[in-house]
Amino acid sequence: MSGATAKFSSSYHLAAALRREPDPAAALRLFLSPTPTAAAGPSSSPAPPFRYSLRCYDIIVCKLAAARLFPAMESVLARLPSSLRPREPLLCRVISAYGRARLPAAARRAFAHPAFPAPRTARALNTLLHALLACRAPLPELLSECRGSGIHPDACTYNILMRAAVADSGSVDNACLLFDEMLQRGIAPTVVTFGTLVTAFCEAGRLEEAFKVKEVMSLQYNIRPNAHVYASLMKALCEKGKVDDAHRLKEEMVSNSEPLVDSGAYATLARALFRLGKKGEVVSLLEEMKEKGIKVGREVHNSMIAGFCEDEGDLDAAFAALDDMQKGGCKPDSVSYNTLVGGLCKMGRWRDASELVEDMPRRGCRPDVVTYRRLFDGICDAGGFSEARRVFNEMVFKGFAPSKDGVRKFVGWIEREGDAASLESVLCQLASVNALESSEWEKAMSGVLHDPAEQKIVKLLDNLSLA
DNA sequence: GTAGGGTTAG
């Protein structure tokens, strides 16, 4: 006897079912009540007839983390017995999920989670540092986290710190100081370290120094520049309008004996050619990749989609590029869809954009914060405010904050409508995703507030300002 | 998915 009601006789079967279940909430229900009797009544759940394996915890935690269902994830972690000896990679998934969700305090708490046996290694520390970097924590905070942990830093630690130095101060010089410190402590730089420096100089527009780093790494450290290094340099050259130089650099890259089959650098070139209106050269670029046996990767497909949407204004061609991508065995990601959503909105086709977003889960791609922002902005720009209201509710429910620009237009519309109750709930929703800025409610106060609801809102705003 | 790039916001 098997089937939906028989459920699972072992943690092995449960793990397989959890893995198969695409809906994280459904997976959680399976995890919580793997037997039919347990499913019948949550309060009287008997213990399942088997012991959960670490694998089951692994799968459910990762699924919940990916879906940002953090309270559920925490409750599963709280049930995780330390006797199962969960290992650091799982902890790292949790930490980085919080980093991606921009929840630094939660990331710090996870780092110290008691279910995971001490001591922590540099790997967990580095994951935490990277999460904090994603939350735009300033460099001194990362440094003190580092010192406080008592964990010996490795090259990866320094690479993250160097990135943070650039992100924080915008100056490459602090990154260079960290590089010197790293050498003094006898930690050998890796190809990633040099890639980070090259990128930092490129972003600062200091191309001569970027090329100097490339030279130093090969001549003094005998580390050959890889595709990352070339990609940064080529992008910087394209941005300065030196597409021919970028072309030459690409030649150097592919003539390197190392099997550089990475297509990322081609994406930059393709997009730069689109911007210059040289669609034909993109075609020959793709042919060249085919000749050389270089797989056309996701980024190249995405830069084609972007080229058609933004440079050519040709949505049909963009959707055709999406089809090509799928036919070529490359799964479109949120960048692909976000570009199309933006393109449709820009053409005023926000109803089509809305449909595309609704279709994304079925196509195997979860809408992200960019998806919703572009759609919301596009609808607000076009004045489709009742649809905007629907999208707004959906995105806020998922924990995504709308863009400032969209909020301004949306709140402006609600003010003009003079619906104080709506305004109140929208302000609350904005506060729930930390998107309520003083300027918004100051403006709201000077707006529609001349009816009895006025006092209520003023009181609400006072409360918000105290929070 | 412990670190760097390339395609979308900003």
Side-chain angles (χ1 to χ4, degrees), chain A residues 62 65-66 88-97 99-100 111 120-131 133-134 136 151 153-164 166 175 189-200 202-203 213 217 225-236 238 246 250 253 260 262-272 274 296-307 309-310 321 325 330 332-343 345 367-378 400-406:
Chain A
C62 291
E88 232 175 33
L90 179 60
L91 177 66
C92 290
R93 310 277 297 248
V94 173
I95 297 171
S96 52
R100 276 195 307 274
F111 178 73
R120 302 285 181 258
T121 70
R123 182 172 173 168
L125 171 66
N126 294 343
T127 307
L128 177 62
L129 294 177
H130 188 240
L133 170 62
R136 293 174 173 65
I151 297 168
D154 59 11
C156 181
T157 315
Y158 271 97
N159 294 341
I160 297 168
L161 291 174
M162 283 164 64
R163 230 8 261 149
V166 177
T190 67
V191 66
V192 177
T193 315
F194 291 110
T196 305
L197 277 177
V198 167
T199 306
C202 283
E203 280 170 359
V213 173
M217 69 185 281
N226 63 6
H228 293 258
V229 172
Y230 280 108
S232 283
L233 292 168
M234 284 168 62
K235 185 185 185 193
C238 285
K250 185 214 66 188
M253 178 180 84
L260 287 166
D262 186 86
S263 64
Y266 281 86
T268 310
L269 262 188
R271 188 62 210 275
F274 260 112
V296 179
R298 180 172 292 163
E299 295 77 8
V300 177
H301 284 293
N302 283 342
S303 75
M304 305 266 299
I305 294 174
C309 279
E310 280 159 30
M325 183 173 188
C330 197
D333 62 2
S334 65
V335 175
S336 327
Y337 289 109
N338 295 348
T339 308
L340 288 163
V341 168
C345 285
D368 62 15
V369 61
V370 179
T371 317
Y372 281 111
R373 284 188 178 177
R374 293 187 139 200
L375 180 61
F376 183 69
D377 286 0
F400 295 127
S403 72
K404 281 192 179 62
D405 206 40

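Here the structure is a predicted model, which is why all the values come from computation and not from measurement. The sequence lines fix the lettering, A, B, ..., with proteins before strands; numbering per chain opens at 1.
Separating the CE atom of A:Met253 from the C1' atom of B:dG6 is a distance of 10 Å, rounded to the nearest angstrom. Residue A:Leu197 contributes atom CG, which lies 18 Å from atom P of B:dA3 at whole-angstrom precision. Following rounding to the nearest Å, A:Tyr158 (OH) and B:dT2 (C1') show an atom-to-atom distance of 16 Å. With rounding to whole Å, A:Leu375 atom CG is found 14 Å from B:dA9 atom C1'. Distance, A:Arg100 CZ to B:dT2 C1': 13 Å, rounded to whole Å. Atoms CG (A:Asn159) and P (B:dT2) sit 15 Å apart, rounded to a whole Å. Atom-to-atom, NZ of A:Lys235 to C1' of B:dT7 comes out at 9 Å; the value is rounded to the nearest Å. Atom CG in A:Leu133 sits roughly 18 Å away from atom P in B:dG1 (whole-Å rounding).
Counting distance only, with no hydrogens placed and no angle test, the side-chain atoms of A:Arg163 and the base atoms of B:dG4 include no donor-acceptor pair under 3.5 Å. No N or O donor and acceptor, one from the side chain of A:Asn302 and one from the base of B:dG6, sit under 3.5 Å apart.
The side chain of A:His130 contributes an N or O atom lying less than 4.0 Å from OP1 or OP2 of B:dG4.
For A:Ala267, the listed nucleotide lying nearest its side chain is B:dT7; candidates were B:dG4, B:dT2, B:dT7. Nearest nucleotide to the side chain of A:Arg374, out of B:dA9, B:dT7, B:dG4: B:dA9. Checked against B:dG4, B:dA3, B:dG10, the side chain of A:Val191 finds its nearest nucleotide in B:dG4. Which of B:dA9, B:dG6, B:dG4 sits closest to the side chain of A:Arg373 comes down to B:dA9. Checking B:dG10, B:dT7, B:dA3 against every side-chain atom of A:Thr190, the shortest atom distance belongs to B:dA3. When each of B:dT7, B:dG4, B:dG1 is scored by its nearest atom to the side-chain atoms of A:Thr268, the top-ranked nucleotide is B:dT7. Relative to the side chain of A:Cys92, the nucleotides B:dT7, B:dT2, B:dG6 differ in distance, and B:dT2 lies closest. Counting only heavy atoms from C-beta on, A:Arg123 has its side chain closest to B:dT2 among B:dT2, B:dG5, B:dG6. When each of B:dG6, B:dA9, B:dG4 is scored by its nearest atom to the side-chain atoms of A:Glu299, the top-ranked nucleotide is B:dG6. Looking at the side chain of A:Ser303, the nearest of the listed nucleotides B:dT7, B:dA9, B:dG1 is B:dT7.
Partner A:Ile95 forms a side chain to side chain contact (heavy atoms under 4.5 Å, CB included) with one of A:Leu129, A:Leu90, A:Leu128 and no other, that one being A:Leu128. Screening A:Asn126, A:Thr196, A:Asp154, A:Thr193 for a side-chain hydrogen bond (donor to acceptor under 3.5 Å, both in side chains) with A:Asn159, the sole residue that qualifies is A:Thr193.
Residue A:Thr339 is classed as a sugar-phosphate contact, given heavy-atom separations below 4.0 Å to backbone atoms only. Residue contacts for A:Glu88: at a heavy-atom cut-off of 4.0 Å it reaches no nucleic acid atom on any strand shown. Note on A:Arg120: nothing from the nucleic acid sits closer than 4.0 angstrom, heavy atoms only.
Put simply, CE on A:Met217 and CZ on A:Phe194 are 6.5 Å apart, with the number rounded to the nearest 0.5 Å.
Listed for the A:Arg374 side chain is a donor-acceptor partner under 3.5 Å among the backbone atoms of A:Asn338. Of the possible polar contacts, one joining the A:Asn226 side chain to the A:Val229 backbone as a donor-acceptor pair under 3.5 Å is found. When atom types are taken as modelled, the side chain of A:Asn302 and the backbone of A:Ile305 share no donor-acceptor pair closer than 3.5 angstrom.
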